[in-house]
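The structure under discussion appears below in the form of structure tokens.
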Amino acid sequence: MNIPERWLRSFCNPPLSGAQVAERLTMAGVEVEAYEPVGPQFSGVLIAQITAVERHPNADKLTVCTVDAGSHKYKVVCGAPNVRVGMKAPLATIGARLPEMEVKPASLRGVQSEGMLCSARELGLSDDHSGLLELEGKIGTDARAALGLDEQVFVLKLTPNRADCLSLLGVAREVAALTGAPLEQPRIEPVPAKASARHPVRISAPDGCGRFAGRVIRNVNAAAPTPGWMRSRLERAGQRSISALVDVTNYVMLELGRPLHVYDLDKLRGPIDVRWGRKGERVLLLNEQTVEVDPSVLCITDDSGAIGLGGIMGGETTKAGTTTRNMFLESAFFWPDAIMGRSRRYGFTSDAGHRFERGVDFANNVDGIERATRLILDICGGEAGPTEDLVARLPERNSVRMRVSRAQKIIGMAVPAEEMQKCFERLALSVEREADAFVVQPPSYRYDLAIEEDLVEEVARLYGYERITAHPPRPAASFPKLPAKRSLHELRERLAAADYHEVINFSFVEPQWELDFAGESNPLRLLNPIASHQSVMRSSLIGSLVANLQYNQARKLERIRVFEVGRVFIRDPQAAEGPLAVRGLRQPMRIGAAAYGPAFDAQWGLAKEDKDRPVDFFDVKADLEAFIAPLSARYERAEHPAFHPGRAAGVLIDGQPAGWIGELHPRWQHKYELARPAVLFELDTEPLQRVPAPRFSAPSKYPPVVRDMAVVVDAGVATQALLDAMQAQKAPIVTSIRVFDLYHGTGIPAGKKSLAFRVVMQHTERTLTDAEADAARDALAGLLAREFSASLRK
């Protein structure tokens, strides 16, 4: 929405600059997207009169013009077809700066040109370059000033609820309320009827059209030119001048927010009827688009059928043109719900539809008729008939009650009640005070005032958002308490994410499983088992998991990954009785997993050596370490009835035994008919559920230094012992030590083994030198030599 500043100040002229007015409007919620001049910048352009026109000696389409710019006469070569003697046009003299060029001396076909006569496009005013721009005014004056191009325009970006600001009068109301300047409303006096001509109107759809005012005006001169002042205001507001009658309706729409429409009275066939469309009806609109209506579209009709879309666009068949002599002027009120979305359905928009679907003042229909009648009579002449005002159904504007305490709570500060009343009075709202509340009667042009919160918003806007004290939230700066225990569900999700499938098995199992996999010769027996092979309570999950492997292998599955979370039942004389416990019996929750078959699923990206490699102890150990993270585990060599004697380990978490990991004993692999070795682990869930709170550790911005060292030690020395010793006595700059190679063979004496360690060093405040890194590595090597008789491998 473009609001020319001079036009606005004719309604309300506060003692503020245009930029200050723009700031006030924006801070009150009527956003001014831009405050800019009407035309682009140019200089050195004068009003000049053409005194002589001669043919160019060397070009048929060019002329040589003598132009008088007041203080000097110029010879200018021109190619405009409308050039003539006596015409006034803009002359860009040598050195003039136009929007896209600078005028310099030039010779056109051998004739020197002392400037350039300009079209509207060359001045950046429009795309019209069909001929010279004709001007009025004193010769020699600045063309920019004569055209009023230094006037500023407010470009508003309105929210849909502020339909009242889609007019000069509406914006002027806002400016008056915000600045306290007086509002000068246009004086609209009834135009007396000079004829008795009327045209019948019927409203058959009162739920679509609530009011219809009309007037017949005869013997108009529709070809009369639009006055320059009106054309200028329309153009500055973004409207193209079309004809005198159309320009008047657009002018009243911009001025009062009242859309109007003009019919050629002689083209109407019978009375006008406002009704809902009928399926199959078609209407040719002013934009030359033919649309098909239906019962959800409001139509303006006569005896010939639909002649326009109500509140959106008139029809081509009854439009008023320059040959119109008798006209019918329409000023109607259409309900927003009857207009909303209809134009978009047909793929276009209109100024009238844009206003009606947001809500138009239903009380100014007659004012719009009278204002337009006066302008038409002044410009086009004619004889006006009486104004007919047909009212069917208008909106009911219920009063809105606003509690002072409620408003203060929403705004966030104790705005005095007296200030609130002043805000309403500045908005020219009808207000009454009732104890601790205000009762406001919304005006007909403010559809956005319907509930208490709407009035609170008005108070906040007029009081000034910038005056409202900011109270940012100030919560206690405490780190949120993190759960100290993770759930069994989270443990299940972790294993499922590692490609393991959950199984659920019975807690009572075969007695032989307890003997084979748990070394339990006297298991807990059931008094009344459901089957003979399920007669004892399990003390380990391993037997059930081996049975799952056996079952799936029998069904031709080559790669199997399964896990189970469940209770086991262990005799313990120290176990106390409780709500869910039996004296002398522990029932810990455990989680167990089994891996069988190829280490990887078949895929094209696998290395050749990995394609058929079976899963091994270290594959499952890697799964276990990822599963228990951020906890870390130690592994100690140990014996277990279910596992291979040399490929099993006890798992310790925080130094306490937590479970077992190992490869299934070959005896049980053969007994339970498994074609390949299986690797399993079983852990208590209780230590896995305890997780430490995360600790922040600032990463170093300096590069790490890596040193590898290989040592030869006795084959019986545990690798973990070496790691523990180095971790206990490492230098502060050492961040990690890990083993990455084990070697037996050529070059290594019998009874010895070679272990390779990678030592990573990094400082948080500076870059390490090679000497520092070598010294830290040598210190570790010396430690291993003293405590384990290790020697560096060469």
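Since this is a predicted model, take the numbers as computed values, not measurements.
- Contact check for Leu375 versus Met230: side-chain heavy atoms found under the 4.5 Å cut-off.
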Can you give each donor-acceptor pair under 3.5 Å made by side-chain atoms of residues 166-176, sequence neighbours left out, with the distance rounded to 0.1 Å?
{"unit_1": "Ser167", "atom_1": "OG", "unit_2": "Gly170", "atom_2": "N", "d": "3.0"}
{"unit_1": "Glu174", "atom_1": "OE1", "unit_2": "Arg461", "atom_2": "NH1", "d": "3.0"}
{"unit_1": "Glu174", "atom_1": "OE2", "unit_2": "Arg162", "atom_2": "NH2", "d": "2.8"}
{"unit_1": "Glu174", "atom_1": "OE2", "unit_2": "Arg461", "atom_2": "NH2", "d": "3.2"}

Only distances under 3.5 Å count here; give the side-chain donor-acceptor pairs of residues 299-307 to other protein atoms, sequence neighbours excluded, each with its distance to 0.1 Å.
{"unit_1": "Thr301", "atom_1": "OG1", "unit_2": "Asp273", "atom_2": "O", "d": "2.8"}
{"unit_1": "Asp302", "atom_1": "OD1", "unit_2": "Ser304", "atom_2": "N", "d": "2.9"}
{"unit_1": "Asp302", "atom_1": "OD1", "unit_2": "Ser304", "atom_2": "OG", "d": "2.5"}
{"unit_1": "Asp302", "atom_1": "OD2", "unit_2": "Arg269", "atom_2": "N", "d": "2.9"}

Identify each donor-acceptor pair in which a side-chain atom of residues 237-245 lies under 3.5 Å from a protein atom, sequence neighbours left out, and give them as a table.
{"unit_1": "Gln239", "atom_1": "NE2", "unit_2": "Asp351", "atom_2": "OD2", "d": "2.7"}
{"unit_1": "Ser241", "atom_1": "OG", "unit_2": "Asp247", "atom_2": "OD2", "d": "2.6"}

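- Under the 3.5 Å distance criterion, the side-chain polar atoms of Thr63 are matched with a main-chain donor or acceptor of Cys78.
- Formation of a donor-acceptor pair under 3.5 Å by the Arg325 side chain with backbone atoms of Val220 is found in this model.
- Smallest separation of non-hydrogen atoms from Leu135 and Ile47: CD1-CG1, 3.9 Å.
- Note: Arg231 CZ to Tyr251 OH = 13.5 Å, rounded to the nearest 0.5 Å.
- Atom OG1 of Thr387 is separated from atom CG of Asn365 by 11.0 Å, given to the nearest 0.5 angstrom.
- Applying the ring-ring contact (aromatic ring centres under 6.0 Å, His included) test to every pair with at least one member in residues 161-198, sequence neighbours left out, gives no pairs at all.
- When all heavy atoms are compared, the tightest approach of Ala193 to Arg215 is N-NH2, 4.1 Å.
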(Q) With side chain to side chain contact (heavy atoms under 4.5 Å, CB included) as the criterion, how do Asp337 and Met340 come out once you've worked through the C-alpha distance, each side chain's angles and the decisive distance to 0.1 Å? (A) CA-CA 5 Å; Asp337 289 344; Met340 198 177 301; 4.0 Å; yes
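- Partners of Asp266 under the side-chain hydrogen bond (donor to acceptor under 3.5 Å, both in side chains) rule, at least two apart in sequence or in another chain, are Asn326.
- A donor-acceptor pair under 3.5 Å is absent between the side-chain atoms of His129 and the main chain of Cys118, judged by distance alone.
- Side chain of Arg342 to backbone of Val297: no donor-acceptor contact under 3.5 angstrom is found.
- Side-chain contact between Gln152 and Pro37 is present, with heavy atoms from C-beta onward closer than 4.5 Å.
- Contact of the Leu260 side chain with the Glu330 side chain is not registered, since no non-hydrogen atoms from C-beta on lie closer than 4.5 Å.
- Leu25 CG to Met27 CE: the interatomic distance, rounded to the nearest 0.5 Å, is 11.5 Å.
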Distance-only donor-acceptor pairs under 3.5 Å for side chains of residues 183-192, two or more places apart:
{"unit_1": "Arg187", "atom_1": "NH2", "unit_2": "Glu189", "atom_2": "OE2", "d": "3.2"}

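- Residues passing the side-chain hydrogen bond (donor to acceptor under 3.5 Å, both in side chains) test with Asp294, sequence neighbours excluded: Ser296, Arg345.
- Using a 4.5 Å cut-off on side-chain heavy atoms (C-beta onward), Phe348 and Gln289 make contact.
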**Q.** Step-by-step side chain to side chain contact (heavy atoms under 4.5 Å, CB included) determination, Val85 to Thr51
**A.** CA-CA 5 Å; Val85 175; Thr51 59; 5.7 Å; no
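- Residues Ile379 and Thr226 fail the side-chain proximity criterion, which asks for heavy atoms closer than 4.5 Å.
- With sequence neighbours excluded, no residue forms a side-chain hydrogen bond (donor to acceptor under 3.5 Å, both in side chains) with Tyr445.
- Closest approach of Ile3 to Met1, counting heavy atoms only: CD1-CE, 3.5 Å.
- Classification of Glu151 and Arg233 as a salt-bridged pair fails, no side-chain N sitting under 4.0 Å from a carboxylate O.
- A cation-pi arrangement, defined by a distance under 6.0 Å to the six-membered ring centre and an angle within 45 degrees of its axis, is present between Arg397 and Tyr447.
- Evaluation of the salt bridge (Lys or Arg N to Asp or Glu O under 4.0 Å) rule for Arg9 yields Glu5 as partners, not counting sequence neighbours.
- Looking at Ser119 and Leu132, their side chains never come closer than 4.5 Å, going by heavy atoms from C-beta outward.
- Contact annotation: the side chain of Trp276 approaches that of Leu298 to within less than 4.5 Å [non-hydrogen atoms, C-beta and beyond].
- Salt-bridge annotation for Arg211 and Asp389: present, with a side-chain N of the basic residue lying under 4.0 Å from a carboxylate O of the acidic one.
- A donor-acceptor pair is defined here as one N or O able to donate and one able to accept, closer than 3.5 Å; such a pair exists between the side chain of Thr324 and the backbone of Gly321.
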Q: Could you please spell out the steps behind the side chain to side chain donor-acceptor pair (under 3.5 Å) verdict for Arg6 and Ser10?
A: CA-CA 6 Å; Arg6 291 178 187 170; Ser10 69; over 6 Å; no
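- Between Phe328 and Phe212, the ring planes are parallel. Angles under 30° get that label, and only those over 60° would be called perpendicular.
- Across every non-hydrogen atom of Met313 and Ser350, the tightest pair is CE-CB, 4.3 Å.
- Once rounded to the nearest 0.5 Å, the distance linking CG of Leu390 with SG of Cys209 reads 8.0 Å.
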Q. Could you go step by step and tell me if Arg202 and Arg275 meet the side chain to side chain contact (heavy atoms under 4.5 Å, CB included) rule?
A. CA-CA 9 Å; Arg202 182 170 61 249; Arg275 60 169 172 80; over 6 Å; no
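- Separating the CG atom in Asn364 from the OG atom in Ser331 is a distance of 6.5 Å, to the nearest 0.5 Å.
- The heavy-atom pair separating Leu178 from Ala28 by the smallest distance is CD2-CB, 3.6 Å.
- The closest donor-acceptor contact from the side chain of Tyr74 to the backbone of Cys65 lies at 3.5 Å or more, if one exists at all.
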Q) Step by step, would you call Leu125 with Leu147 a side chain to side chain contact (heavy atoms under 4.5 Å, CB included)? A) CA-CA 10 Å; Leu125 303 180; Leu147 289 169; 3.9 Å; yes
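- Qualifying salt bridge (Lys or Arg N to Asp or Glu O under 4.0 Å) partners for Lys319, counting only residues two or more places apart in sequence or in other chains: Glu316.
- Remark: the backbone N or O of Ile369 is paired with a side-chain donor or acceptor of Thr373 at under 3.5 angstrom.
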Review item, side-chain donor-acceptor pairs of residues 86-100, under 3.5 Å, at least two apart:
{"unit_1": "Lys88", "atom_1": "NZ", "unit_2": "Gly137", "atom_2": "O", "d": "2.7"}
{"unit_1": "Thr93", "atom_1": "OG1", "unit_2": "Gly44", "atom_2": "O", "d": "3.2"}

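- Between the CZ atom in Arg282 and the OG1 atom in Thr290 there is a gap of 6.0 Å [rounded to 0.5 Å].
- Although no hydrogens or angles enter the test, the distance criterion places a donor-acceptor pair under 3.5 Å between the side chain of Trp335 and the main chain of Pro206.
- By the side-chain hydrogen bond (donor to acceptor under 3.5 Å, both in side chains) test, Asn221 pairs with no residue at all, sequence neighbours left out.
- Annotation: side chain of Thr317 is not in contact with side chain of Lys267 (no heavy-atom distance under 4.5 Å).
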